[in-house]
Amino acid sequence: MVSNWPLETKKGMNNKLFKAFFGVEPKSVRGTVVISPIIYPKQFEAEFGEKGNHYKSVLSYLVANFKNLTFIKTPMTQSAVHDLIVLLKGSKCKNIIFIGAIGGIAKGLKIGDVVLPDKAKEICSLKSIHDETRTNMVVLRKKGVIGIDFEAQSFYKAARKVNIFAGSAFIVTDLPLTKPFYQTKTQKEREKIKKAVKFIVHSI
């Protein structure tokens, strides 16, 4: 089989792959990278209080580069988060922070609460929305799971793979057992979610 790829160095091809995800080359990525499937760059920029340089990659990741930090809006899928982090091994990144949304299943959680898990297993990443049944949620709660999402476990797995320090913060955006994601949120709940985003970004 004849390849249509141009003759390039291995480094050159890696840089092109990297840029397809990040919109910039590895040398432009900062030491701290914040990734989120729920926050957009301009929203992050407004709360962060610093003007960034914005890029859109071939794969539709939205990137904002600041003086000491790179922010990336990822698609809301496990593979999107995993593949992005694995590529960070070729950059100056030393710390990754994930800001995500969870369906809160632990007793006492309310929409708009911020959760900072002590262990990755406290957040259970579902493979499909069809797994979000009442029976499954009750079982997970009994196991000590705080909430559910789609990306957290993939995030931590990828970070361990490339040996980059990883931390995370989650916003409760729905309550699968009492108020699932498809139910309309009240104005007060929407305001609490906005305040939670502001709190997390200002804490970085």
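Note: hydrogens, waters and symmetry copies are ignored here, and every other heavy atom, side chains too, is used.
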How about L69 and V33: do any of their side-chain heavy atoms sit closer than 4.5 Å?
-> no

Option passing side chain to side chain contact (heavy atoms under 4.5 Å, CB included) with V139 (candidates R141, M137, K143, K142) = K143

Atom NZ of K185: over 12 foreign heavy atoms under 6.0 Å | yes

Starting at OG1 of T133, measure out to CG of L177 and round the result to the nearest 0.5 Å.
-> 9.5 Å

Quick one: does T74's side chain have a donor or acceptor within less than 3.5 Å of a partner on V81's backbone?
-> no

V29 and F18, any side-chain heavy atoms less than 4.5 Å apart = yes

Run the ring-centre check on F71 versus F66 and record whether the distance is less than 6.0 Å.
-> no

Between S36 and I99, is there a donor-acceptor pair closer than 3.5 Å when you use the side chain of the first and the backbone of the second?
-> yes

Can you see which heavy atom on F155 is nearest to which on S168, and at what distance?
-> CE2-CB, 4.4 Å

Does E45 pair with K51 as a salt bridge, N-O distance under 4.0 Å?
-> yes

d(E151 CD, H82 NE2) to nearest 0.5 Å is 13.5 Å

Validation row: K94, I164 side chains within 4.5 angstrom (heavy atoms) | no

Would one find more than 12 heavy atoms of other residues, nucleotides or ligands at under 6.0 Å from atom NE2 of H130?
-> no

What is the distance from atom NZ of K92 to atom OG of S28, rounded to the nearest 0.5 Å?
-> 7.0 Å

Between D174 and P180, is there a donor-acceptor pair closer than 3.5 Å when you use the side chain of the first and the backbone of the second?
-> no

Output the distance between atom CD1 (I204) and atom CZ (F199), rounded to the nearest 0.5 Å.
-> 11.0 Å

Are Y61 and L84 close enough, and set up right, to give a side chain to side chain contact (heavy atoms under 4.5 Å, CB included), and what steps lead you there?
-> CA-CA 9 Å; Y61 292 80; L84 185 82; 3.8 Å; yes

Out of curiosity, does V201 fall in the hydrophobic cluster containing L116 (side-chain heavy atoms, cut-off under 4.5 Å, transitive links)?
-> yes

Taking only Lys NZ, Arg NE, NH1 and NH2, and the carboxylate oxygens of Asp or Glu, determine whether E189 and K110 approach each other closer than 4.0 Å.
-> no

Once you round to the nearest 0.5 Å, how far does CD1 of I96 lie from CZ of F165?
-> 10.0 Å

S125 vs I148 side-chain heavy atoms within contact, under 4.5 Å | no

State, yes or no, whether a side-chain contact exists between V63 and K56 at a heavy-atom distance under 4.5 Å.
-> no

Heavy-atom side-chain proximity of K179 to T186 below 4.5 angstrom | yes

Which value, rounded to the nearest 0.5 Å, describes the distance between K42 atom NZ and E47 atom CD?
-> 15.0 Å

Do E122 and I146 have side-chain heavy atoms sitting under 4.5 Å apart?
-> yes

Give a yes or no on whether L126 and I123 share a hydrophobic cluster (residues Ile, Leu, Val, Met, Phe, Trp, Tyr; joining criterion: side-chain heavy atoms under 4.5 Å apart).
-> no

Output field: ring centroids Y156/F98 closer than 6.0 Å = no

Are I85 and Y55 connected, step by step, through hydrophobic side chains (Ile, Leu, Val, Met, Phe, Trp, Tyr) whose heavy atoms are closer than 4.5 Å?
-> yes

Residue that, paired with F22, satisfies side chain to side chain contact (heavy atoms under 4.5 Å, CB included) out of T70, I72, L59 = I72

Heavy-atom check, side chain of I193 versus side chain of I111, under 4.5 Å | yes

